[in-house]
Amino acid sequence: MSTLFILNQPELLDDCITVMQPDDALLLIENAVVIATKSSTTQYKMFVLKDDLIARGLFESIHDQSTAIDFSKFVELTLAYDKSVSWL
Amino acid sequence: MSTLFILNQPELLDDCITVMQPDDALLLIENAVVIATKSSTTQYKMFVLKDDLIARGLFESIHDQSTAIDFSKFVELTLAYDKSVSWL
Amino acid sequence: MKSICFIFNKPPYGDHKGRELLDICLMSAAFDMPITVIFKSQGVYQLLQNQQPDVISVKNHSATFKALDLYGVENILVESESLLEHNLKMEQLLPIAEAVSQDVVKHQIASSDFVIGL
Amino acid sequence: MKSICFIFNKPPYGDHKGRELLDICLMSAAFDMPITVIFKSQGVYQLLQNQQPDVISVKNHSATFKALDLYGVENILVESESLLEHNLKMEQLLPIAEAVSQDVVKHQIASSDFVIGL
Amino acid sequence: MVTANPYTAQGQYTALRFANEVINKGHQLKRIFFYADGVLIASRLNCPPSDEINLTKAWAKLAIEKDVELTVCVTAALKRGIVNQAEADRNALTGENLDPAFEISGLGQLTEAMLESDKLITFG
Amino acid sequence: MVTANPYTAQGQYTALRFANEVINKGHQLKRIFFYADGVLIASRLNCPPSDEINLTKAWAKLAIEKDVELTVCVTAALKRGIVNQAEADRNALTGENLDPAFEISGLGQLTEAMLESDKLITFG
C-alpha cells in the first residue's frame with residue numbers, strides 16, 4: 001500500500017524518512033515548508049502546501065525537487081494514496 | 001556573568017550548547033533528563049532534576065558526568081548563577 | 001476488519017501524549033480491530049521499567065502497557081535501531097515488546113489501514 | 001537599568017510564539033530597558049521578506065519587526081551560522097538586522113541581565 | 001481527527017481549509033473528532049483579536065451549513081476545562097463554556113468513524 | 001514566568017514545585033506571570049481525573065496561603081478563552097471561567113516585575 005506522509009514540523013524530517021517506502025510521498029505543510037528550500041538527497045516524491053510557502057515568503061525559494069500544491073490537490077493526494085499518515 | 005541554562009526538550013540540546021560559555025552550566029529537567037544517560041563530549045557542568053529521572057525509571061542509568069539534584073538545590077543553583085535561561 | 005498501527009515516539013510524562021495515544025489504542029482494541037503498537041525514536045523510553053511518576057504527581061501508565069495483551073493487543077514492537085541510539089537494552093524494558101529492525105517497522109506501517117501518532 | 005535579550009528561534013506562523021515574544025519585546029522597550037533581539041536557528045525565517053500570512057488568515061508581524069527602531073530597539077542581530085545552515089542570504093531578509101557570528105550571539109546572551117525565548 | 005492546539009499550532013486552520021475543500025469536491029465528511037489539545041477549540045469564550053479569524057466560529061459555520069458533526073472527546077475536554085452543562089453538573093463545576101455547534105462524546109466515536117470511513121486524516 | 005501548556009507540557013508542575021521551594025527557603029516570590037499557553041491553567045473548569053493533581057487548585061492554594069500574586073496576561077488569555085466577568089462583558093462573551101485566585105492584567109506586569117526582581121525563571 002502507498003502512503004502519503006504529512007509533515008508539519010521540520011525537525012521531524014529525519015525520523016519520518018526512516019519509515020518511508022519507495023512508492024510513498026511526503027507532503028510538507030505549516031512550518032515544515034522551510035524544508036522545501038533546501039536540496040535534498042531523498043528519493044521520495046515531495047509536495048509542499050503553497051499557501052504555507054506564500055505565508056512565509058518562501059514561494060520563490062522552493063527547490064525544484066518539490067512540487068507546490070493547493071488545498072484541492074491536497075485533498076486529491078489523500079485519495080490517490082492508500083492512506084495518509086501525519087508524522088507528529 | 002555566569003548562566004544556568006535550563007533545558008526541558010532533549011532535541012534542543014545541540015542548539016542550546018551553541019550559546020554556552022565555559023563557566024555556564026546546564027540543568028536538565030522534564031523530558032530532557034533522558035540526555036543524562038548518555039556520555040557526552042560537552043565540557044559543561046551538567047545537573048539533572050532527580051524527580052524527573054525517578055519518574056521515568058532513569059535514576060540508575062544516569063551517566064557519571066551528570067549530578068542529580070533535588071528542588072532545593074535547583075533553587076540554590078538559580079541563585080548561584082547570575083541568571084537562568086530556559087532554552088525553549 | 002481494518003487494521004491500525006500506533007506509533008509511540010516521545011518520552012513519557014513530559015506531556016500527556018503517551019497516555020492519550022494509549023487510550024485510543026485501548027478503545028480500538030475494544031472494537032476488535034487488529035492492532036500493532038510500535039515504540040520508536042524517543043518513544044522507547046515509554047517502556048522503561050521502574051517508572052515512578054508519582055514523584056511528579058502523574059499517574060503511571062506502565063501498568064496499562066502491561067495489560068495490553070489482556071485487551072488482545074499482542075503485536076507490540078520496539079525498534080532495535082532506536083534502542084541502540086538511546087543506549088538502552090531490552091532487559092531494561094517491560095517484557096511485553098519484541099525487538100524488530102527498522103525494516104519490519106516500515107513494513108508494519110505500510111501494511112496497516114490506519115496509522116496514528118500524537 | 002537592567003538589560004534584556006530576546007531569542008527568536010522558531011519559524012513564523014506555525015505557532016503564536018514569535019508574535020507573543022515580540023509583544024514582550026515591545027512592552028520592555030516601552031519601559032526603556034536596553035534590548036537586544038537575536039534571530040537564531042530556524043528563527044531566521046521570521047525576518048524573510050515578502051511574507052503574506054493573510055493567505056492563511058494570520059496577521060503579518062513583519063511590519064512590527066520593521067517598527068522596532070521606532071520603539072528604540074536598535075540592537076537587532078541575526079546569526080550568520082544559522083543563515084548558512086538554512087541556505088538564506090541577508091538580501092532575502094528585512095533590512096533591519098545585522099549579521100553577526102555565533103561568538104557575538106554568545107557574548108550578547110552572556111552579558112544581558114535577562115534572556116527570554118518562547 | 002484534529003489534535004492541534006488552536007494557539008500553539010496551525011493545525012486547526014489547516015484542518016478547516018482541508019475540510020471545506022473535501023466538501024466542495026462533493027465527498028462525504030462524516031465527522032471531525034477533536035482530541036488532545038484540539039478540544040480547546042470548542043470553547044465559545046475563545047476571543048481572538050478582532051483582525052484575526054475566529055476558528056471556533058469558522059468550525060461552527062461549517063457544521064451548521066454543511067451538516068458536519070463536530071465531536072469533542074469528553075476525557076480530553078474535561079481535563080482541559082471544556083465542559084457543557086451536563087458535565088459541569090456531574091463534576092460539580094460552576095459554569096460551562098462549550099460552543100453549541102460542538103458535541104461532547106466518547107473516544108468510541110473516533111473508532112466507530114474509522115470503521116465506517118475510507119480515510120482518516122490527522123491534523124496535529 | 002510560566003508559559004507551559006498545562007496538559008501538553010510538564011512545566012506547570014515543575015514551576016509549582018519550584019515556587020513552593022523558593023518560599024520554603026525564605027525567599028520572596030513577587031509574582032507568577034502566566035503567559036502564552038500558560039494562561040490555560042487559570043480556568044476553574046479544568047477538571048483532571050480524580051487520581052491526578054489539580055494544578056489550578058494547587059496554584060490557588062499557594063496564592064492564598066503564601067500571598068503570591070498569580071497574574072494572567074489579558075491578551076494571551078482572551079484568545080485562549082480564559083476570561084473574567086469584566087472581560088466577558090467587554091467582549092460580549094456569554095460566560096466566564098477565571099479561577100478567583102488568578103488575576104487578569106497586562107503584559108506590563110511582567111516587565112515591571114523584572115525591573116523589581118533579581119531573578120526571572122521561565123517554565124515553558
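Quick note on labels: first sequence line is chain A, next is B, and so on, each numbered from 1.
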Task: Under 4.5 Å from a heavy atom of chain E, the part of F:N5 involved - done: side chain
- [ ] Pick one of side chain, backbone, both or neither for F:E52, based on which atoms fall under 4.5 Å of a heavy atom in chain E.
- [x] neither
Task: Per-residue contacts, residues 73-94 of chain E versus chain F, heavy atoms under 4.5 Å - done: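 Interface residues of residues 73-94 of chain E: E:L78, E:K79, E:R80, E:G81, E:V83, E:N91, E:L93, E:T94.
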Task: E:S50: partners by side-chain hydrogen bond (donor to acceptor under 3.5 Å, both in side chains), with sequence neighbours left out - done: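 Checked E:S50 against side-chain hydrogen bond (donor to acceptor under 3.5 Å, both in side chains); zero matches.
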Taking [atom1] in [X] as the centre, count heavy atoms belonging to other residues, nucleotides or ligands within less than 6.0 Å. Is the count above 12?
X: F:K61; atom1: NZ; answer: no
X: F:K30; atom1: NZ; answer: yes
X: E:Q28; atom1: CD; answer: no
X: F:K57; atom1: NZ; answer: no

TODO: Name the option with the most non-hydrogen atom pairs under 4.5 Å to chain F; the candidates are E:L40, E:N54, E:N97.
DONE: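 Option with the top pair count is E:N97.
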